[in-house]
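Quick caveat: nothing in here was measured; it's all calculated off a predicted structure.
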Amino acid sequence: MNQVITDGLNLMPPEFSAGLDDWSSEDGTPGTDTYDTATNAALVTADQDFGTCLEILKTSSTTRLRYMGETPIEPGLYLRVSARVKALSGTLPSVRIAAWAGQSNNSQLNGVDTTGDSTALSAYGEVVTVSAIIGVGDRQGVDMAWGEDADYGHFGLDLTGGNGGTVRIESIMIEDVTHVFHRKMMDWVDVKDYGAVGDGVTDDRDAIEAADADANGREVLVSEGTYYVGSNLTIDNPVRFQGSLVMPDGARLVLAKNFDLPSYSAAFGGDDVEGFKKGFQAMLNHGDHDSFDMGGRRVLLDEPINMADAVGNKTTYANRRVIRNGQFSCQSGSGWNNDVVTSPGTWSSSNPDRLDNVTNAGSIKVGSLVTANTGVGREIYVRAVNIAQNRVFLSSPLGKPLTQQTYTFTRFKYILDFSGFSQLQRFALEGIEFVCAGLASAVLLPADGLIFHFKDCFFTGPKDRGITSFDSGCSGMLIDRCQFLSNEQTLNVQDRTTVGFNTNSNDVKVRNNRAVKFRHFGVFGGNGNLITGNHWFQGDNQNEGLISAGIVLTNTNVKTTIEGNYIDNSFIEWGNEHDPAPELSNEFSFGGLTINANIFTANGVASWSKFISIKPYGVDHYINGLTICDNVFKHLNGNALDSVEGVDNSIAGLDGSRTRNFLMTGNVYTGITKNSQNPITVKVTQTSDQSSWDRDLRDYLPFDTQARVAVSVQPEGAIRNVSNVAIYTTPYCATRIGTGNGSIRINWSQAVHGSVMLTARCDTL
């Protein structure tokens with residue numbers, strides 16, 4: 001920087017040969033005495049060292065020489081005033097650069113230094129150069145720091161020391177030396193000053209690293225150009241990109257002070273996709289950052305991001321890492337087309353989670369959804385393929401398919417595909433929106449892992465799936481405060497195919513989410529789930545229409561709590577569709593489920609619809625631990641629902657004679673015909689004298705259960721015989737009487753009439 005050039009400043013005073021009337025013997029201000037008439041000074045025209053110069057006889061303690069022109073002082077401008085002098089005779093004096101500081105009102109600026117360092121002349125005829133630097137800023141190397149109130153100065157020199165000496169002075173020089181302070185004044189260093197070429201071919205890594213090493217807290221400027229960086233590079237100081245980098249896929253870039261997507265995008269010429277990949281790669285290889293902030297940026301994609309390929313050198317990772325605060329948005333392109341393979345295969349109950357003799361197994365991709373005409377449960381995926389043995393391994397047992405049939409393997413395309421990681425633990429996506437736009441699915445989890453966390457994310461318009469687990473990468477997964485918005489909202493329920501998410505492993509927590517009009521909100525293939533505070537709704541505009549399962553539980557002993565949810569125009573389906581031997585054998589039957597304090601609502605659906613459905617895929621199953629308490633069941637705008645619960649016995653029914661540990665109480669029913677409950681307390685009134693009173697409880701018994709236990713019979717008023725005399729004998733009860741074993745018989749010692757409160761149960765404790 002040189003303001004003489006850039007701003008056209010005139011700094012240099014005239015030479016002495018132009019006349020001495022511009023040179024003051026005092027402070028240089030207008031009206032002061034000049035050397036034009038001084039008796040102790042003369043102009044010498046032919047000095048052997050200086051040519052034309054000024055000769056002064058020192059006659060006072062401080063003999064001054066000042067240029068009377070007003071040399072400007074501006075912020076950012078640094079001036080060097082210098083002179084060459086020599087002593088000829090007499091007493092040897094000292095010499096220093098000196099000045100008078102002026103303000104814009106032409107008054108003297110007091111309180112600032114006006115002299116530079118003094119140099120003693122030590123020999124006659126020896127040429128000595130003295131100089132000083134003047135500027136606004138008090139920087140290292142500045143001799144006279146005048147501050148922002150300075151406007152101009154009168155510059156020259158002082159002769160100090162003893163009198164009587166004769167000194168000759170070459171013309172005073174005033175130069176702009178701002179460039180001397182340039183690197184210290186600016187808060188950046190330019191990589192080109194350290195040898196970077198920026199031609200896209202030369203490896204500039206070492207030059208950029210050198211600039212970073214010298215920056216010492218200042219910003220590293222990657223100025224215009226294309227910089228090839230052939231190996232790993234860490235920039236420890238803040239960095240700003242005017243140019244861009246080109247790096248091999250395996251070379252890592254760590255921006256230690258700019259660890260965010262806007263900076264990484266700028267590093268690669270505004271390429272958000274490349275910037276995201278490099279940022280993710282750095283996060284898994286650099287321990288100083290636990291999160292990568294997308295800075296609210298939208299990343300446009302026309303194909304999936306293979307996350308393992310982006311990292312390049314890792315397929316396992318166990319430290320907590322987070323991607324947050326951004327959006328991925330899909331654009332049309334063939335990169336989103338699903339891969340579909342159809343092949344015959346052989347299934348055996350001895351190896352229920354694999355297929356053998358699969359034709360063309362090598363073309364089947366890991367993570368593909370498996371479907372077939374018969375016996376294949378929902379949300380079963382390919383977890384591995386052995387090409388040499390034509391064998392396909394599955395995320396869960398299929399169920400109970402045919403021994404030999406043709407299967408379809410559909411590999412959905414996901415915005416973020418983590419399937420290349422064999423294990424990824426404690427990974428989180430926070431505040432991310434996946435704008436799938438009906439073109440892509442959102443996230444495919446890693447093969448294995450623990451505590452994958454989705455927090456405050458939006459899954460908008462997924463083509464097929466929101467979140468897919470194709471193996472055990474969902475273990476301990478957390479889904480919190482997310483929005484799932486279907487791409488099928490205009491379709492009727494029965495025509496929808498999309499699923500919000502699925503799980504295969506245990507201990508999943510799904511909390512405070514909202515899902516709109518999927519076929520299923522979640523399919524749970526694992527146990528130990530907590531499903532709380534969510535709102536999912538799946539209705540349509542059809543009168544007397546269908547509803548679909550919002551939650552699907554695919555195991556019998558699920559250890560699952562469903563509590564405090566708003567379950568809207570959908571139901572909970574509980575079955576064992578992934579069981580290769582679905583008939584009850586040496587195992588737990590349907591148990592371990594708590595459904596409490598939920599709001600169930602439906603509008604104008606078919607009267608036979610249910611809010612809770614148990615679907616056995618094999619015989620002899622029964623309820624063995626179920627709590628349904630303190631829920632609100634409400635149906636509006638149509639005929640009353642027959643019941644809130646039921647058994648889908650299209651394959652097999654439940655054994656109502658074995659129900660155990662079942663509690664269904666405290667629920668509220670609106671627009672529901674059947675008041676399902678257990679235990680059941682009803683009033684039994686007999687107006688004619690009978691020794692046996694039968695009470696049918698099927699209007700209360702849930703899930704096709706039976707009247708198994710009479711807990712109590714409490715008379716309400718006197719029980720009277722045929723003579724209308726009160727009797728005090730205690731009755732005994734017979735259970736499982738009548739149609740469906742749904743009645744209790746109260747047996748008296750004689751024919752009586754009256755009323756009792758009967759409490760009965762369909763289970764044993």
Side-chain angles (χ1 to χ4, degrees), residues 1-15 22 28 65-84 95-104 106 108-119 129-158 170-196 207 210-225 237-240 242-243:
M1 181 185 293
N2 189 313
Q3 293 194 34
V4 172
I5 297 172
T6 60
D7 297 340
L9 297 179
N10 184 16
L11 300 178
M12 284 292 293
E15 296 182 356
D22 287 326
L65 172 67
R66 301 287 187 275
Y67 173 47
M68 298 180 70
E70 295 182 354
T71 303
I73 298 296
E74 297 182 358
L77 176 66
Y78 290 84
L79 304 177
R80 179 168 61 199
V81 180
S82 61
R84 294 204 304 161
V95 61
R96 67 191 181 196
I97 298 298
W100 183 89
Q103 302 181 91
S104 59
N106 295 320
Q108 183 176 0
L109 177 63
N110 296 313
V112 297
D113 291 333
T114 55
T115 60
D117 293 337
S118 183
T119 300
T129 299
V130 292
S131 66
I133 294 177
I134 302 95
V136 170
D138 186 7
R139 296 182 176 275
Q140 184 177 359
V142 175
D143 300 281
M144 304 179 211
W146 285 1
E148 61 183 10
D149 292 332
D151 190 65
Y152 65 93
H154 296 295
F155 296 108
L157 55 76
D158 290 339
E170 195 177 21
S171 296
I172 302 292
M173 294 185 65
I174 303 177
E175 305 169 274
D176 180 358
V177 292
T178 305
H179 66 280
V180 175
F181 298 91
H182 181 238
R183 292 178 65 242
K184 293 184 178 180
M185 288 171 57
M186 299 303 171
D187 61 354
W188 45 264
V189 296
D190 191 332
V191 298
K192 286 188 175 178
D193 291 335
Y194 295 83
D212 180 53
D214 202 34
N216 194 27
R218 290 175 292 168
E219 189 175 62
V220 176
L221 174 65
V222 181
S223 51
E224 292 184 0
N237 293 281
V239 61
R240 174 162 52 98
Q242 292 176 344

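- Closest non-hydrogen pair, P72 versus L77, comes out as O-CD2, 3.8 Å.
- No donor-acceptor pair closer than 3.5 Å links the side chain of K192 to the backbone N or O of L221.
- A132 and G116 make their closest contact through CB-CA, 4.2 Å (heavy atoms, listed as atom of the first residue, atom of the second, distance).
- Put simply, the residue from L11, V81, I97 that forms a side chain to side chain contact (heavy atoms under 4.5 Å, CB included) with F155 is V81.
- The CD atom of E175 lies 4.5 Å from the CZ atom of R80; values are rounded to the nearest 0.5 Å.
- Taken from OG in S131 to CG in L157, the straight-line distance is 12.0 Å, to the nearest 0.5 Å.
- Note: W146 CH2 to D138 CG = 14.0 Å, rounded to the nearest 0.5 Å.
- Not counting sequence neighbours, D212 has no partner by the salt bridge (charged side-chain N to carboxylate O under 4.0 Å, His left out) test.
- With rounding to the nearest 0.5 angstrom, the CG atom of N237 is 9.5 Å from the CG atom of D214.
- Nearest heavy-atom pair, G195 versus A207, reported as atom, atom and distance to 0.1 Å: C-CB, 3.7 Å.
- For Q108, the side chain to side chain contact (heavy atoms under 4.5 Å, CB included) test picks out W100, N110, with sequence neighbours left out.
- Annotation: the span from D190 atom CG to R240 atom CZ amounts to 9.0 Å, rounded to 0.5 Å.
- Minimum heavy-atom separation, A211 to Y194: CB-CD1, 3.5 Å.
- At a threshold of 4.0 Å, the pair D158-R66 counts as salt-bridged, since one of the basic side-chain nitrogens sits closer than that to a carboxylate oxygen.
- Smallest separation of non-hydrogen atoms from D151 and Q103: CB-C, 3.7 Å.
- Within the 4.5 Å cutoff, no side-chain heavy atoms of V130 are placed close to those of S118.
- Rounding to the nearest 0.5 Å places OG1 of T115 at 9.0 Å from CG of D143.
- Contact detail for T129 and R84: the closest heavy-atom pair is OG1-CG, 3.4 Å.
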Discussion item. Apply side chain to side chain contact (heavy atoms under 4.5 Å, CB included) to residues T71 and L79 and explain how you reach the verdict.
Written reply: CA-CA 10 Å; T71 303; L79 304 177; 3.7 Å; yes

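- Heavy-atom neighbours of N106 CG from other residues, nucleotides or ligands within 6.0 Å: above the threshold of 12.
- Under the rule for a side chain to side chain contact (heavy atoms under 4.5 Å, CB included), the partners of S171 that lie at least two apart in sequence or sit in another chain are E15, F16.
- A donor-acceptor pair under 3.5 Å is formed between the side chain of H154 and the backbone N or O of Y67.
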